[in-house]
Protein chains: 2
Amino acid sequence: MMLDERKIKILAAVINDYIATAEPIGSRTIARKYRIGISPATIRNEMADLEELGYLSQPHTSAGRVPSHKGYRFYVDFLMPVKRLDERDHTLIHRIFNRRINELEQLVKEAARVISKLTSYTTITMGPQLETSRLKHIHVNRIDENRGLLLTVTNYGTVGHHIIDIPQNINDSDLLRISNILNSNLAGKTLSEITNDIMDAIKDEMIEYDEILNILLEILLENLGDSQDNTPVISTGSSKMLDYPEFQDVEKAKNFFSLLEQHELIIKALKSSSKPNAITVTIGNENPLTELQDLSIVTSSIFIDGKDLGVFGIMGPTRMEYSRVISILEQVTDYLIKTVSTML
Amino acid sequence: MMLDERKIKILAAVINDYIATAEPIGSRTIARKYRIGISPATIRNEMADLEELGYLSQPHTSAGRVPSHKGYRFYVDFLMPVKRLDERDHTLIHRIFNRRINELEQLVKEAARVISKLTSYTTITMGPQLETSRLKHIHVNRIDENRGLLLTVTNYGTVGHHIIDIPQNINDSDLLRISNILNSNLAGKTLSEITNDIMDAIKDEMIEYDEILNILLEILLENLGDSQDNTPVISTGSSKMLDYPEFQDVEKAKNFFSLLEQHELIIKALKSSSKPNAITVTIGNENPLTELQDLSIVTSSIFIDGKDLGVFGIMGPTRMEYSRVISILEQVTDYLIKTVSTML
DNA sequence: ATTTAGCACTCTAAGAACGAGAGTGCTAAA
DNA sequence: TTTAGCACTCTCGTTCTTAGAGTGCTAAAT
């Protein structure tokens, strides 16, 4: 059976109301609030149909209806009202992107913060993937007699710094030479291309600097691999999450927070949910990871010039303000792409 | 009335038991568990005295006793058993400080993580105070035709980096000159000493570089002021905090998390609690900030050569494993001071 | 053929009543 | 001074009850 117009209207009404109130919606409520011109009894019949079709369900026999995951899916695909952001939302987003921020990481962090603030859900951010991130610049600076600063900059503008010990026998022109050699050998490579082989080649080239090169290369290998870009940044207004009726039960809340602490799981979830250059919505049991099946995830992946700069994700109860979340994510993504484009 | 030995024994028993179980402790329990050789009735009398003296209180007339803030204070000052850390704790701490970490910030972050892990309470960290932090090294590196990297290193080893635009007319030797000038003018100054006056002096010295200097100085002023060192880092195993019976009520948990989100308040709390070079315990209403009066805070401030490198704080319910927390904090502080001393 | 009014039925959530259990304070005996 | 005994208090979990919301079905109305 296809959904006729009236069923669709009723479904939309139920879902909109449920998203707003978190209470099961009964036929009376709909008849009263949305003047469709039919009686509760008729609505009841329609709702029974909708339930049979899998769009709604009942918490128990004599309660109103709540949307099923399938219902939410239909809603997101076809029914969702386009939510225009209001003045306050816009200005807040604006303010962030108007500050001159030159570093991708900082920018992303700020963006996550504003999203979390605007949506009151948990925001997760993942930086550019290792595979696509290229080393752009390497340099060793001296900061005092026996200490130096190893700098790495990727093509995404991510800066890494590490304080290192500089052996006695290395002077400033040595450092310059080393920086140059590292640059010419490593710049342009993706992080995963920097293997022990290349490292060994460099060492062969400059046996006189063996000691310091060992230090440098060790740090490079160790830190580029699991740099911060790869770990998710999580901005959770924990206290705000506890406002949702879904988390009134401490046990449920604890589950949620524990999930957030399992970074590998979160990474997997974001990766599997997100699609290049698009906003995706993963609802409840659509998620392959069983632990996340009563949550929904909305992601937006930031693509510029075909390069994956990372993913924003929002996690919350399946009863989520999808339309608002999506608008905000669209908006922020837009700004971000504009801003970053000028940076690269 | 002074506390005689028997009263003290009973007080210790009540507090130890209450810390372990979070249940009000009755006279029977004590008679059974701690064989003091007196009957429950006698214990009851003593407990009534202890209550009158303000060391214990009753949640309601027919319940057991729980420690009052005054009771905890006495416990911390005189009764607390010295808790030796066990093997597992030691090895965990060891592992962290054995990794070669060259940067203060990273080190502190790791230390906070391990404390939070070992204690299951919320750990807060505050970096060195602005007033004492001195600029050690400034440098501008070029990373491509029109982009550069402004680096700042403080005497604590905190590294700051900022990507900047480099005007067309500036070449590499200009950059070097600029770096040198900045260094000679600013190195050694505390961050708060770097005022507009000094900046103007520098600009006067090098009018030909006006454009880029403006950019650099603006960033310096803007970012050194409210650098990360000044904001508290909070490691909260949120999910673990939710295990404590004190936070079983969602409302209470929400309060706690909201508090953590008010950074200014947290900063104030840590500042007013901590004492140079010492471990402090602030129990419940001893805290001047009313919002924190049913929590306890244990702090340890890291002092080296008379310089304040920052503060660790642990926040949790007043029913806290004080002796364990203090041992862990002592231990970590020790290691940290040793490690950092070699760094400076 | 739909729609709707009417009604019996179901289930929950909130409150009332109740008893068990833990603990107390007091009294009087040891 | 200590302790046994006992009456008393308060909480907490259980059971019972009831009001209310909502349903599904039937039969009448459109």
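Labels below follow one simple rule: chain letters A, B, ... track the order of the sequence lines, proteins then strands, and each chain is numbered from 1.
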Look for any protein N or O under 3.5 Å of an N or O in nucleotides 25-30 of chain C and output each such pair with its distance, or none.
| unit_1 | atom_1 | unit_2 | atom_2 | d |
| --- | --- | --- | --- | --- |
| C:dG25 | OP1 | B:R65 | NH2 | 3.0 |
| C:dG25 | N7 | B:R44 | NE | 3.0 |
| C:dG25 | O6 | B:R44 | NH2 | 3.2 |

Specify the separation, in whole Å, of atom CZ of A:R28 and atom P of C:dC7. 16 Å
Presence of salt bridge, A:R65 and A:E51, under 4.0 angstrom: yes
Does a distance-only test, which skips hydrogens and angles, find a donor-acceptor pair under 3.5 Å between the side chain of B:S62 and the base of C:dT24? no
Nucleotide paired to C:dA30 in any strand shown, Watson-Crick or G-U, under 3.5 Å: D:dT1
Taking the ring of B:F256 and the ring of B:Y244, is the distance between their centroids below 6.0 Å? no
note: A:H60, atom NE2; C:dC11, atom C1'; distance rounded to Å ~ 6 Å
Atom pair distance, as rounded to whole Å: CG in B:D17 and C1' in C:dA22: 15 Å
Cation-aromatic face contact A:K70/A:Y55, 6.0 Å, 45 degrees: yes
Under 4.0 angstrom between A:R32 side-chain N/O and D:dA21 OP1 or OP2: no
Tell me, do B:I283 and B:Y322 make a side-chain contact under 4.5 Å, heavy atoms counted? yes
From CD of B:E46 across to P of C:dG23 the rounded distance in Å is 19 Å
Does this structure show an ion pair linking A:K240 with A:D243, if we count only N-O contacts that are shorter than 4.0 Å? no
Going by an N to O cut-off under 4.0 Å, is there a salt bridge joining A:R73 and A:E286? yes
Send over the distance from A:I38 CD1 to D:dA29 P, rounded to a whole Å. 21 Å
For B:K7 and D:dT1, what is the distance between atoms NZ and C1' respectively, to the nearest whole Å? 12 Å
Nearest-angstrom distance from the residue atom CZ of A:R6 to C1' of C:dT4: 12 Å
D:dT23, D:dT11, D:dT2: which one has an atom nearest the side-chain heavy atoms of B:T42? D:dT2
Do NZ/NE/NH1/NH2 and the carboxylate oxygens of B:R324 and B:D89 come within less than 4.0 Å? yes
If each of B:G37 and A:G64 is mapped to the nucleotide of DNA chain D with the nearest heavy atom, which maps nearer the 5' terminus, i.e. the 5' end? B:G37
C:dT4 base to A:S39 side chain: any donor-acceptor pair below 3.5 Å? no
Can you check the B:E52 CD to C:dT24 C1' distance for me, whole Å? 15 Å
Applying the Watson-Crick and G-U wobble criteria at under 3.5 Å, what pairs with D:dC16? Answer none if nothing qualifies. C:dG15
